[in-house]
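Reviewing the structure listed below.
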Amino acid sequence: MSANTIANLANVSLCATALDRAMNRPIHLPGMIVFYGPSGIGKSFSAAYSANRTQAYYVECKSSWTRKAFLTAVLQAMDVMPAKTLPEMTEQACEQLALSGKPLIIDEMDHIVEKKAVEIIRDLYEGSQGTILMIGEERLPSKLKAWERFHNRILEWIPAQLADLDDSRALAELYCPDVVLTADLLAEITKKSKGCVRRICVNIEQVRRIAVDAGVSELSLSDWGKRGFYTGDAPKRAI
């Protein structure tokens with residue numbers, strides 16, 4: 001994921017800057033950071049960009065994963081053949097983190113919490129003293145309080161931000177380069193989307209299709225008229 005294929009969103013910069021701080025921290029400081037917020041506001045997108053930029057090991061957790069499945073995925077991301085036992089796999093991952101100096105990015109961290117497998121992450125950190133970025137939903141910080149020894153090793157808690165007009169403008173420039181969306185139309189899209197990047201992208205594509213079908217290169221809010229915007233709500237059934 002290069003700079004030419006990703007919008008310059010606030011959360012992209014927020015995540016990248018925090019990861020840089022953690023990777024360049026003084027040796028006496030902890031190296032785990034948490035990037036959290038509501039679904040759909042670009043956390044995973046931002047983390048994927050940071051992973052590419054830093055050559056990090058990136059793992060997206062699944063709800064069905066066991067501890068072994070998680071460690072297997074981590075070692076696969078490291079291009080290391082997993083050993084047979086969990087302790088051996090943990091040692092493999094720790095050694096690779098320590099030797100490579102690369103960060104580990106764990107997306108969908110909430111699944112690890114729900115499986116009560118948080119201590120595995122702490123083992124990876126303690127065994128490597130590396131940099132670990134965890135990404136999760138809005139309540140992830142409060143969920144992690146149940147593991148005090150883990151919670152007090154967090155260097156930084158980073159709340160992801162809702163998308164604003166500047167983010168919508170950047171998304172429009174990337175995904176709708178041939179059609180100009182005026183400021184008032186972008187502002188309304190941002191408002192109706194409630195700062196959700198996914199919904200903003202859906203609305204921008206909807207506007208792009210309308211403009212292409214109409215053969216125009218610019219659309220304003222007045223041009224849009226009474227057409228609706230995508231809000232994520234299912235339409236009510238007509239009676």
So do Ile33 and Met134 actually touch side chain to side chain, heavy atoms under 4.5 Å?
no
What's the verdict on side-chain contact (heavy atoms from CB on, under 4.5 Å) for Lys102 and Thr54, showing C-alpha distance, side-chain angles and the deciding distance?
CA-CA 7 Å; Lys102 297 179 180 179; Thr54 62; over 6 Å; no
Looking at Lys143, I want to see if its NZ is surrounded by more than 12 non-hydrogen atoms of other residues, nucleotides or ligands under 6.0 Å.
yes
Is the side chain of Lys43 donor-acceptor paired with the backbone N or O of Glu137 at a distance under 3.5 Å, no angle test?
no
Are Ile154 and Leu140 joined in one hydrophobic group, where the rule is that I, L, V, M, F, W and Y side chains link up if heavy atoms are under 4.5 Å apart?
yes
Between the main-chain N or O of Ile112 and the side-chain N or O of Arg67, is there a donor-acceptor pair closer than 3.5 Å?
no
List the steps, then state whether ring-ring contact (aromatic ring centres under 6.0 Å, His included) holds for Phe35 with Trp157.
CA-CA 6 Å; Phe35 188 44; Trp157 304 91; over 10 Å; no
Could you give me the CA-CA distance, side-chain angles and deciding distance for Thr131 and Tyr125, then say whether side chain to side chain donor-acceptor pair (under 3.5 Å) is met?
CA-CA 7 Å; Thr131 299; Tyr125 170 69; over 6 Å; no
Non-hydrogen side-chain atoms of Ser220 and Leu185 separated by less than 4.5 Å:
no
Sidechain-backbone polar pair: Arg122 side chain, Phe150 backbone, donor-acceptor under 3.5 Å:
no
Taking NZ, NE, NH1 and NH2 as the nitrogens, is one of them in Glu126 or Arg153 under 4.0 Å from a carboxylate oxygen of the other?
yes
In short, Lys68 meets Lys84 closest at the heavy-atom pair NZ-O, 3.9 Å
Side-chain touch Leu219/Val180, heavy atoms, less than 4.5 angstrom:
no
Taking the side chain as every heavy atom from C-beta outward, state whether Cys176 and Val207 have any atom pair closer than 4.5 Å.
no
May I have the step-by-step check of side chain to side chain donor-acceptor pair (under 3.5 Å) for Asp20 and Thr17, ending in yes or no?
CA-CA 5 Å; Asp20 283 346; Thr17 302; 5.7 Å; no
Before giving the answer on side-chain contact (heavy atoms from CB on, under 4.5 Å), spell out for Ser46 and Leu9 the whole-Å C-alpha distance, their side-chain angles and the decisive distance to 0.1 Å.
CA-CA 8 Å; Ser46 302; Leu9 306 182; 5.7 Å; no
If we only count heavy atoms from C-beta on, is the Leu14 to Gln161 side-chain gap below 4.5 Å?
yes
Walk me through whether Arg198 and Ser39 qualify under side chain to side chain donor-acceptor pair (under 3.5 Å).
CA-CA 9 Å; Arg198 288 198 189 109; Ser39 175; 3.1 Å; yes
Taking atom CZ of Arg227 as the centre, report whether more than 12 heavy atoms of other residues, nucleotides or ligands fall under 6.0 Å from it.
yes
Tell me whether Glu95 at atom CD has more than 12 heavy atoms from other residues, nucleotides or ligands lying less than 6.0 Å away.
no
No-hydrogen, no-angle side-chain donor-acceptor test under 3.5 Å, Thr90 and Asp123
no
Side chain Ser193, main chain Gly195, donor-acceptor under 3.5 Å
no
Value for CD1 (Ile158) from CG (Asn11), rounded to nearest 0.5 Å, stands at 10.5 Å
Using 0.5 Å steps for rounding, measure from the CG atom of Leu181 to the CD atom of Glu173.
10.5 Å
One pair to check against side-chain contact (heavy atoms from CB on, under 4.5 Å): Met109 and Ile121. What are the steps and the verdict?
CA-CA 10 Å; Met109 177 68 184; Ile121 312 299; 3.8 Å; yes
Where is the tightest heavy-atom contact between Pro38 and Glu138, given as atom of each residue plus distance?
CD-OE1, 3.0 Å
Under the 3.5 angstrom rule, does the side chain of Lys115 hit a backbone N or O of Ser63 as a donor-acceptor pair?
yes
Test item: Arg25 side-chain N/O and Ala22 main-chain N/O as donor-acceptor pair under 3.5 Å:
yes
Inter-residue atom distance Glu188.CD - Trp224.CH2, 0.5 Å rounding:
11.5 Å
Find out whether Tyr57 and Pro103 are in side-chain contact, i.e. whether some heavy atom of one side chain is under 4.5 Å from a heavy atom of the other.
no
Starting at CZ of Phe45, measure out to CD1 of Ile135 and round the result to the nearest 0.5 Å.
13.0 Å
Walk me through it: do Glu91 and Glu88 pass the test side-chain contact (heavy atoms from CB on, under 4.5 Å)?
CA-CA 5 Å; Glu91 288 301 318; Glu88 289 174 322; 5.7 Å; no
Heavy atoms only: give me the nearest Ala93-Met78 pair and the separation to one decimal.
O-CE, 3.6 Å
Joint hydrophobic cluster, Trp65 plus Leu75, side-chain heavy atoms closer than 4.5 Å:
yes
I'd like to know if Leu133 and Val12 are part of one continuous hydrophobic network [Ile/Leu/Val/Met/Phe/Trp/Tyr, side-chain heavy atoms within less than 4.5 Å].
no
Same apolar cluster: Tyr58 and Leu71, side chain cutoff 4.5 Å:
no
State the CZ-CG distance between Arg169 and Leu174, to the nearest 0.5 angstrom.
14.5 Å
Check whether any side-chain heavy atom of Tyr175 sits under 4.5 Å from a side-chain heavy atom of Ile200, and report yes or no.
no
Kindly say whether Gly228 contributes a backbone atom to a donor-acceptor pair with the side chain of Gln206 at under 3.5 angstrom?
yes
Cationic N near anionic O, under 4.0 Å, Glu156 to Arg21
yes
Shortest non-hydrogen contact from Gly136 toward Asp110
CA-OD1, 3.1 Å
What heavy-atom pair brings Ile204 and Ser168 nearest, and what distance separates the two atoms?
CD1-O, 3.9 Å
Any side-chain heavy-atom pair from Ile106 and Leu104 closer than 4.5 angstrom?
yes
Can you measure from CD (Gln92) to CG (Leu97) and round to the nearest 0.5 angstrom?
12.0 Å
Starting from Tyr49, can I reach Leu171 by hopping between I/L/V/M/F/W/Y residues whose side chains sit under 4.5 Å apart?
yes
Regarding Asp213 and Arg208, does a basic nitrogen lie under 4.0 Å from an acidic carboxylate oxygen?
no
Please check: side-chain N/O of Asp178 versus main-chain N/O of Ser217, any donor-acceptor pairing under 3.5 Å?
no
Checking Gln55 side chain against Asn52 main chain: does a donor-acceptor pair fall under 3.5 Å?
yes
Tightest non-hydrogen contact, residues Ala163 and Val197, listed as CB-CG2, 4.0 Å
